[in-house]
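Each chain gets a letter, A, B and so on, in the order the sequences are listed, and its residues count up from 1.
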Amino acid sequence: MPEPRRFYQTTAIDYPNSRPHIGTAFEKIGADVQARYRRQQGYRVHFLMGNDENTIKVVERAQQLGVDPKPYVDDMARQFREVWQSLDISFDDFIQTSEERHRIGCQKFIQRVYDAGDIYKRNYQALYCEGCEEFKTESQLTPQRRCPNHANRDLRLVEEENYFFRLSKYGPRLLELYEARPDFIQPEGRRNEVVSLVRGGLEDVSISRRNFTWGIDIPWDAEHKIYVWFDALLNYITGVGHGTDEALFAQWWPAAVHFIGKDITRFHCALWPAMLWSAGLELPQRVFAHGFVYIKNEATDEVQKISKSLGNVIEPLDIVREFSSDAFRYYFMRECPFGGDGEFSFARFAATYNGDLANNLGNLFSRTVSMAVRYFDGVLTGSRAIAPTDMFASVDLAALTASVSADIEACRYATALETIWRQVLDTGNRYIEETRPWLLANSSKPEYDLEACRRVLVNLAEAVRVAAILLRPFLPRTAAKLYAGFNFPGPFAEQSLATIVARPAEHEDLRVTAELVDGKLPPMFPKIEPQRAKA
RNA sequence: GGCGGCGUAGCUCAGUUGGUUAGAGCAGCGGAAUCAUAAUCCGCGUGUCCGGGGUUCGAGUCCCUGCGCCGCUACCA
């Protein structure tokens, strides 16, 4: 047996000053599909998620609540994990940047960069708005160089001694990287943005702040804390043992892919590689920047950003409780292209759920199982001798599998799902209409032919098997139920996409093994009543 | 302002290197069927492929231009 290929992937770490919403969940689901797919294909996967806790906002929020930062972030981390678990996000580890392993790894890393001569001290000037009580960037200012929220008062110029990282010197090397590895940044549009940013010239970045009480000390100067990005990005290596467990680190680094939001592309594609070069570490293989989810207001038809002030935040747990995690996952993976932006509305959710999940998928499974039970008492005697090749005669299963694989690997999840629906599920439903098994099973009809009927059902079971395998990364619970519908040969866990064409040998005749209630299959996806599609 | 992207059926979107009557899903209309969660199947679109000009035997697909929308334009996550 060859050593299984390793696949280390990460998501962005989140700020724990508010609970995760559906936009945050979008990223995690997309990452989870990749992780589940890779595991299914035999990779050894390590899937890291986490929270970004060393920020001033955490301290402020904890103060508002009258608690210390650490218990606050620990409780938020618990809440985040709870949401991710309810969405069946199969993360292997969850790092909090307030953990010791992060502090130790972080300090060792920054020391290496310091020793390499890439960190120096100098004055940092910034514009401070007393109204907002925070620093403003040039790009945030009004034409009069005032704060947009407090245009009637001047900004204060604040100077502070900070440590700076020599990002500027890595510009040329970054451009070489983008040139040599065009797929380092995906999708391509994001890559172009980063290229033009770096072409425009990079400045050194400040990486420390004084007078912070929360965060990680600069190891050689405890008056300074490590500031934002230099701390946050390092979770990707401290989470797999950098500085604390070098054997583990050697096993997983470099990462196969970082999943991030499009807004933080430049930190991951310019700053992060430069940091790693400086410390003498390898670069991740790929950075994938996904789009954002917007809320479509059904009353006004407006497309809005998700925000607390607009009051349109949707709790993932609400949807999971009312429908299912698979329904939640399906909507976002099918309706929102991962590399681009997407929209959410309950009306659209209900339409997708009812059409694709309840009607096309759930009902296909239901009618298949139901006919097998009704016409054959659930046992397809002699099925071993029947090759299920009729239904997919018009479909090239090898090409279909290859195309779905390629789409998933490129994070074209919506395309992969569309292919599965059109080529597998639609084909299945059409096949039933064409063969009309209810006539074949009816002894009073001229079409009566029980052998032919059995053959049809063996083919339909095959559709269920193929669908189960293909859908597994997207809809883990549904896929498991589909596969458990019949006594297919071989445990589901061992069914890679290759087993779609190279079917495992049958040891016994097919029979229905789905759980029945009063002899019937309960609906997988009970319909959403249109009027219940709340606004 | 600069750089980049987008604008295709009522809605959401596909449309490789330019090549036959521009496609899918949903919605709508008509029909069939009844195994099934009234699900499914078949049929039905005179779409200015944003407008204008150009290259070409031929352009949704390339070039120029006008309009509209969006992204990026560094220390904010």
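- Note: CZ (A:Phe292) to P (B:G5) measures 21 Å, nearest angstrom.
- Relative to the side chain of A:Asn363, the nucleotides B:C35, B:C41, B:A36 differ in distance, and B:A36 lies closest.
- Atom pair A:Phe80:CZ and B:A77:P shows a separation of 15 Å (rounding to whole Å applied).
- A:Trp421 comes within contact range of no nucleotide atom at all, as no heavy-atom separation falls under 4.0 Å.
- Taking the centre of each ring, A:Phe80 and A:Phe94 stay at or above the 6.0 Å mark.
- A sub-4.0 Å separation between OP1 or OP2 of B:A39 and a side-chain N or O of A:Asn360 is absent.
- For the pair A:Phe376 CZ and B:C35 P, the interatomic distance rounds to 14 Å; values are reported in whole Å.
- If you check every strand for non-hydrogen atoms under 4.0 Å, A:Val369 touches nothing.
- For B:G30 and B:G68, the P atoms lie 42 Å apart once the distance is rounded to whole Å.
- In the set B:U34, B:A36, B:A77, B:A77 carries the atom at the smallest distance from any side-chain atom of A:Tyr15.
- Remark: A:Arg436 does not engage A:Glu447 in a salt bridge, criterion side-chain N to carboxylate O under 4.0 Å.
- Nearest nucleotide to the side chain of A:Ser206, out of B:A36, B:C75, B:U12: B:C75.
- A:Arg191 has its CZ atom 19 Å from the P atom of B:C3, to the nearest Å.
- Taking the P atoms as reference points, B:C62 lies 15 Å from B:U8, given to the whole Å.
- Counting non-hydrogen atoms under 4.0 angstrom, A:Ala358 reaches a base of the nucleic acid.
- As rounded to the nearest Å, B:U34 and B:G25 have P atoms that lie 24 Å from one another.
- Nucleotides B:U40 and B:G52 are separated by 48 Å at their C1' atoms, to the nearest Å.
- Listed pair A:Lys527 / B:A39 meets the phosphate criterion, a side-chain N or O lying under 4.0 Å from OP1 or OP2.
- When the nucleotides B:C41, B:A24, B:U37 are ranked by their closest atom to the side chain of A:Asn429, B:C41 comes out on top.
- When both distances must be under 3.5 Å, the Watson-Crick or G-U wobble mate of B:A24 is B:U12.
- Listed nucleotides: B:A77, B:C75, B:C35. Nearest to the side chain of A:Glu203: B:C75.
- In a base pair of the Watson-Crick type (N1 to N3 plus N6-O4 or O6-N4) or a G-U wobble (N1-O2 and O6-N3), with each distance short of 3.5 Å, B:C57 is matched with B:G19.
- In this structure, the nucleotide among B:A33, B:C75, B:U12 sitting nearest to the side chain of A:Arg436 is B:A33.
- Distance from the side chain of A:Pro523 is smallest for B:U37 among the nucleotides B:U37, B:U40, B:C72.
- Aromatic ring centroids of A:Phe332 and A:Phe344 lie under 6.0 Å apart.
- One finds a side-chain N or O of A:Arg374 lying less than 4.0 angstrom from the OP1 or OP2 phosphate oxygen of B:A36.
- When heavy atoms are screened at a 4.0 angstrom cut-off, A:Arg199 is found touching no nucleic acid atom at all.
- Nearer to the 5' terminus of RNA chain B, by closest-nucleotide assignment, is the contact made by A:Gly362 (compared with the other of A:Gly362 and A:Gly355).
- Straight-line distance from the CG atom of A:Asp231 to the P atom of B:C75: 19 Å, rounded to whole Å.
- Between A:Phe212 and A:Tyr227, the ring planes lie perpendicular to each other; the angle is over 60°, past the 30° to 60° tilted range.
- Taking the C1' atom of each, B:A9 and B:C49 are spaced 10 Å apart, rounded to whole Å.
- A side-chain donor-acceptor contact under 3.5 Å links A:Asp204 to the backbone of A:Leu167.
- Comparing A:Arg334 and A:Leu167 against RNA chain B, the residue whose closest nucleotide sits nearer the 5' end is A:Arg334.
- In this structure, A:Glu335 reaches neither bases nor backbone, as no heavy-atom distance under 4.0 Å exists between it and the strands shown.
- Distances shorter than 4.0 Å separate some side-chain N or O of A:Arg430 from OP1 or OP2 on B:C42.
- Note on A:Tyr375: only backbone sugar-phosphate atoms sit closer than 4.0 angstrom, heavy atoms only; bases stay farther off.
- Exactly one residue among A:Thr97, A:Asn54, A:Asp231, A:Asn235 makes a side chain to side chain donor-acceptor pair (under 3.5 Å) with A:His102. That residue is A:Asp231.
- The partner of B:A39 cannot be assigned: no Watson-Crick or G-U wobble pair with both contacts below 3.5 Å exists in any strand.
- Atoms CZ (A:Phe346) and P (B:C11) sit 24 Å apart, rounded to a whole Å.
- Of the residues listed (A:Val379, A:Thr368, A:Leu516, A:Leu521), the one engaging A:Val373 in a side-chain contact (heavy atoms from CB on, under 4.5 Å) is A:Leu516, and it is the only one.
- Taking atom C1' in both B:A22 and B:G2, the straight-line distance is 36 Å, to the nearest Å.
- Comparing B:U17 with B:G60, their C1' atoms are spaced 16 Å from each other, to the whole Å.
- For B:A39, the base has no donor-acceptor partner in the side chain of A:Asn359 [N/O atoms by modelled type, under 3.5 angstrom].
- Under the side-chain contact (heavy atoms from CB on, under 4.5 Å) rule, A:Leu460 has a single partner from A:Val458, A:Val464, A:Leu457, which is A:Leu457.
- For A:Ser196, taking side-chain heavy atoms from C-beta onward, the closest of the listed nucleotides B:C3, B:C75, B:U40 is B:C3.
- Distances from the side chain of A:Met524 to the nucleotides B:U37, B:G71, B:U40 place B:U37 closest.
- The partner of B:G71, taking Watson-Crick or G-U wobble pairs whose two distances both stay under 3.5 Å, is B:C3.
- Between A:Trp272 and A:Phe184, the ring centre distance reaches or exceeds 6.0 Å.
- If you check every strand for non-hydrogen atoms under 4.0 Å, A:Leu202 touches a base.
- Per the geometry, CG belonging to A:Leu439 stands 13 Å off C1' belonging to B:A32, to the nearest Å.
- For the pair A:Asp52 CG and B:A77 P, the computed distance is 9 Å after rounding to whole Å.
- Taking atom C1' in both B:G71 and B:G10, the straight-line distance is 28 Å, to the nearest Å.
- Dashed line: the shortest gap from a side-chain N or O of A:Lys520 to OP1 or OP2 of B:U37 is under 4.0 Å.
- For A:Glu193, whose side chain is taken as the heavy atoms from C-beta onward, the closest listed nucleotide among B:C35, B:A24, B:G71 is B:G71.
- Using modelled atom types and a 3.5 Å distance limit, the side chains of A:Thr24 and A:Asp14 yield no donor-acceptor pair.
- In this structure B:U34 sits in no base pair that meets the Watson-Crick or G-U test at under 3.5 Å.
- Shown here, B:U46 forms no base pair; nothing in the strands shown gives a Watson-Crick or G-U wobble contact with both key distances under 3.5 Å.
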